[in-house]
Amino acid sequence: MDKYEVAEILNEIATLLELKGENPFKTRAYTNGARAIEALTEPLDKIVDEGRLGEIKGFGKALQEKVAALVETGKLEYYDKLKASVPEGLVAMTAIPGLGPKKVVAIHKALGIDSLDALETACKDGQIAPLSGFGKKSETKILEGIEHSRNYASRHHLDEAMLLAEPILDDLRAHPDTIRCSSAGSLRRSKETVHDVDFLVSSREPERIIDWFVHQPEVTSVLAQGDTKASVIIGRKGIQADLRVVSDAEFPSALAYFTGSKEHNIVMRQRAIERGLRLNEYGLFKSKEETRDPELRVNCATEEEIFRELELDYIPPELREDHGEFEAAENHTLPRLLEWTDLKGSLHNHSEWSDGRGTLREIADAMSDLGLSYWAITDHSKSSFQANGLDEKRLRQQIKAIAEVNQQLEDEGVDFRLLSGTEADIHTDGSLDFDDDLLAELDIVVASIHQSFQLEEKQMTERIIKAASNPHVHMIGHLTGRLLLSREAYKVNHQEIIDTCAKTGTWIELNASPYRLDMDWRHWRYAKSKGVKCVINCDAHRFEQAGHLRLGANVARKGWLTKEDVVNTRPLKELWELQVRD
DNA sequence: GCCGTTTTCGGCCCGACTGTTTTCAGTCG
């Protein structure tokens, strides 16, 4: 069993314990254990083999035994028994907003309900409202929740959230009663998918800001509206948006608090407690007791100053996942992160020659107008016939056509170049769609998998390693083939592939399509530690997808990457020098 | 279930909102 499967079971154990009414701190121990396992950078089976599970923070005797059993045998008696003792379907019911473990159990005890379908029927029949602690509104909300979970995915792509949030943020900024404002939450941390969109505003007139917010034309329903907080559903796709309004003195601590992550915040609070202080969304206070007394407030005008009071360097929002940022911030070793404006071009893109839009010249003009320096045309290869992939003959024609466009650009004095390339399919055996002779004629070779996703992890890993070992391959494209919120990643051993790329000097793509964002940000720190370079690529099929560069850079920041770690921050001349291999 | 430079027992982050209640439990982030 791999670490993700183990983590999933630990999380399920936590939910099951909650349903059984266990000590909440015991529940939390399992949740913490799941997180710690997911965050591991070395293989879990290796840690188990060497008996080092106890070195993981929060791992005592019980968790060590349980995880070792899961890794070694794939089974855990404790889990099986626990699962058998809780009616199936109750876990799914806890996913409905407003229904936690206590209420789910209450409904089950009173009515014997153990599935979403049965719950829906009971609501419609008016059986829920008479229960103690429930009412007519509970019934309506549960029905809405079930409906919502069917109509909309509960998470959304990052670009969708950004596109929705930015105009609202602009309007909030322009609102006469706004002093400061920002996005917060997972959007500000650039998570690859987000559950909701968070806004924070400081103002002397909170009720006016709240009122303005819930009356925005995009708002389709108001979930909650109070004096300092409102939750609404916005947009066609139904994204939840939360707004908090605080005083300006509270803004820095509120921003830190609502940016999260939850795990990061817990460490921040603990650091405050260790220093005899108390941190909450209202400020950092010289008190051990709960207080909002301005007299006790440690004056912090910005987030930076809060970090300083807790003896930390400023931690950029993208890094706030409790994935090692505290150690680095203490030791002054946080990286200076990449900025999206550092990017000079994209090395994996398509044109009308395969399944993209636009002629070579149109693409060159569009990207040059954006201020980029180069743009690789890497159309699909012949095996991807569904994408009108190029065979040898058409690829040779395209190389010539690109040379002609570049000649025109040079004659016109335009400081921009197209690069010739291919996105070569990796066959099941790891061989590529073109011979080495032809690959050698190209500026850029991206090797990607577009079929046979179902191979076992071992075979899939060997397949990619073989492709990465071809001296003509510059980079591996979208390493796991995942489509966020729709298709699971195919199983690969990231570590082995990264180790190979470190030896061969092969780059790994961070595919900046909002549906991919692949390789996942969680693996970049390991790649970086091995000296493997990243390439942030648009995988553009249309002009406007050049904008994916910004998204890709945001996610690269989340992987701790700097300008130096990313190949396409370099000017063309340096890019050529990087390509020379031993 | 985990943890410990006062502690091997008694803590474990904490505040807002909702819906149901007549003062609060449950849920959420």
Side-chain angles (χ1 to χ4, degrees), chain A residues 10 13-14 17-19 21-34 36 53-54 56-67 78 82 93-107 128-142 144-145 154 184-187 189 194-200 206 210 222-232 240-246 250 253-254 256-274 277-285 287-292 322:
Chain A
L10 294 183
I13 290 175
L17 290 173
E18 277 190 311
L19 285 166
E22 259 288 3
N23 175 357
F25 297 105
K26 181 171 169 178
T27 302
R28 192 192 292 172
Y30 281 95
T31 315
N32 289 343
L53 275 176
I56 303 172
K57 199 163 163 270
F59 265 64
K61 191 159 167 281
L63 275 174
Q64 288 177 47
E65 282 175 7
K66 292 188 173 86
V67 169
Y78 172 78
L82 185 63
M93 285 163 67
T94 60
I96 300 294
L99 279 190
K102 296 252 167 54
K103 292 200 164 177
V104 165
V105 168
I107 291 173
I128 300 294
L131 300 182
S132 167
F134 294 84
K136 206 67 209 155
K137 282 216 167 175
S138 318
E139 237 169 39
T140 314
K141 287 204 100 171
I142 291 170
E144 278 175 8
S154 62
S186 50
L187 176 65
R189 300 199 316 278
V194 301
H195 172 252
D196 59 15
V197 173
D198 298 299
F199 299 104
L200 180 71
I210 299 270
V222 179
L223 302 175
Q225 180 178 359
D227 295 339
T228 64
K229 177 180 170 175
S231 287
V232 301
Q240 183 174 332
D242 295 339
L243 169 71
R244 282 294 285 253
V245 188
V246 298
E250 292 162 348
S253 53
Y257 181 81
F258 291 114
T259 297
S261 64
K262 197 173 160 189
E263 292 78 16
H264 172 95
N265 285 351
I266 288 171
V267 179
M268 289 287 278
R269 277 181 196 270
Q270 278 165 351
R271 288 187 73 94
I273 290 167
E274 284 162 18
L277 301 169
R278 192 175 187 90
L279 179 64
N280 57 31
E281 58 260 59
Y282 301 105
L284 183 62
F285 296 96
S287 164
K288 288 185 178 167
E289 309 300 322
E290 197 263 310
T291 181
R292 290 189 204 171
D322 192 19

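Convention: sequence-line order gives letters A, B, ...; per-chain numbering from 1.
Going from atom CD1 of A/I142 over to atom P of B/dG26 covers 15 Å, rounded to whole Å. Per the geometry, CG belonging to A/L99 stands 12 Å off P belonging to B/dT20, to the nearest Å. Between the CD atom of A/E274 and the P atom of B/dT5 there is a distance of 10 Å, rounded to whole Å. Residue A/L19 contributes atom CG, which lies 10 Å from atom P of B/dT27 at whole-angstrom precision. B/dG1 atom C1' lies 15 Å from atom CD1 of A/I56, rounded to whole Å. Note: CG (A/D242) to C1' (B/dT27) measures 14 Å, nearest angstrom. If you measure from atom NZ of A/K102 to atom P of B/dC24, you get 16 Å, rounded to the nearest angstrom. To the nearest angstrom, C1' of B/dC3 lies 16 Å from NZ of A/K61.
Taking atom P in both B/dC13 and B/dC3, the straight-line distance is 14 Å, to the nearest Å. B/dC2 and B/dT6 are spaced 24 Å apart, taking the P atom of each and rounding to whole Å. Using P as the reference atom, B/dC17 and B/dT23 are 22 Å apart when rounded to the nearest Å. Going from the C1' atom of B/dA25 to that of B/dT20 covers 9 Å, rounded to whole Å. Nucleotides B/dT8 and B/dG1, compared at atom C1', are 14 Å apart to the nearest Å. Taking the C1' atoms as reference points, B/dC12 lies 14 Å from B/dT7, given to the whole Å.
Residues A/K103 and A/F134 meet the side-chain proximity criterion, which asks for heavy atoms closer than 4.5 Å.
Under the side-chain hydrogen bond (donor to acceptor under 3.5 Å, both in side chains) criterion, A/D242 pairs with A/S231, A/Q240, not counting sequence neighbours.
In terms of modelled atom types and a separation under 3.5 Å, the side chain of A/S261 and the main chain of A/H264 share a donor-acceptor contact. Without hydrogens or angle criteria, A/N280 side chain to A/G283 main chain gives a donor-acceptor distance under 3.5 Å. Although no hydrogens or angles enter the test, the distance criterion places no donor-acceptor pair under 3.5 Å between the side chain of A/R269 and the main chain of A/R278. With A/E139 contributing its side chain and A/I128 its backbone, the two residues share a donor-acceptor pair below 3.5 Å.
For B/dT8, there is no paired base (Watson-Crick or G-U wobble, both distances below 3.5 Å).
In this structure, A/I96 reaches the sugar-phosphate backbone alone: every heavy-atom distance under 4.0 Å involves primed, P, OP1 or OP2 atoms, never a base. Residue A/P101 is classed as a sugar-phosphate contact, given heavy-atom separations below 4.0 Å to backbone atoms only.
Both A/K57 and A/G100 sit near DNA chain B, but only A/K57 has its closest nucleotide nearer the 5' end.
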Sugar-phosphate atoms are those with a prime plus P, OP1 and OP2; base atoms are the rest. Using that split, label each nucleotide of nucleotides 12-19 of chain B B, S or - for protein heavy atoms under 4.0 Å, 5' to 3'.
BBBSSSSS

Could you please spell out the steps behind the side chain to side chain contact (heavy atoms under 4.5 Å, CB included) verdict for A/L19 and A/T94?
CA-CA 9 Å; A/L19 285 166; A/T94 60; 4.0 Å; yes

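No option in A/E250, A/E281, A/R244 other than A/R244 meets the side chain to side chain contact (heavy atoms under 4.5 Å, CB included) test with A/L200.
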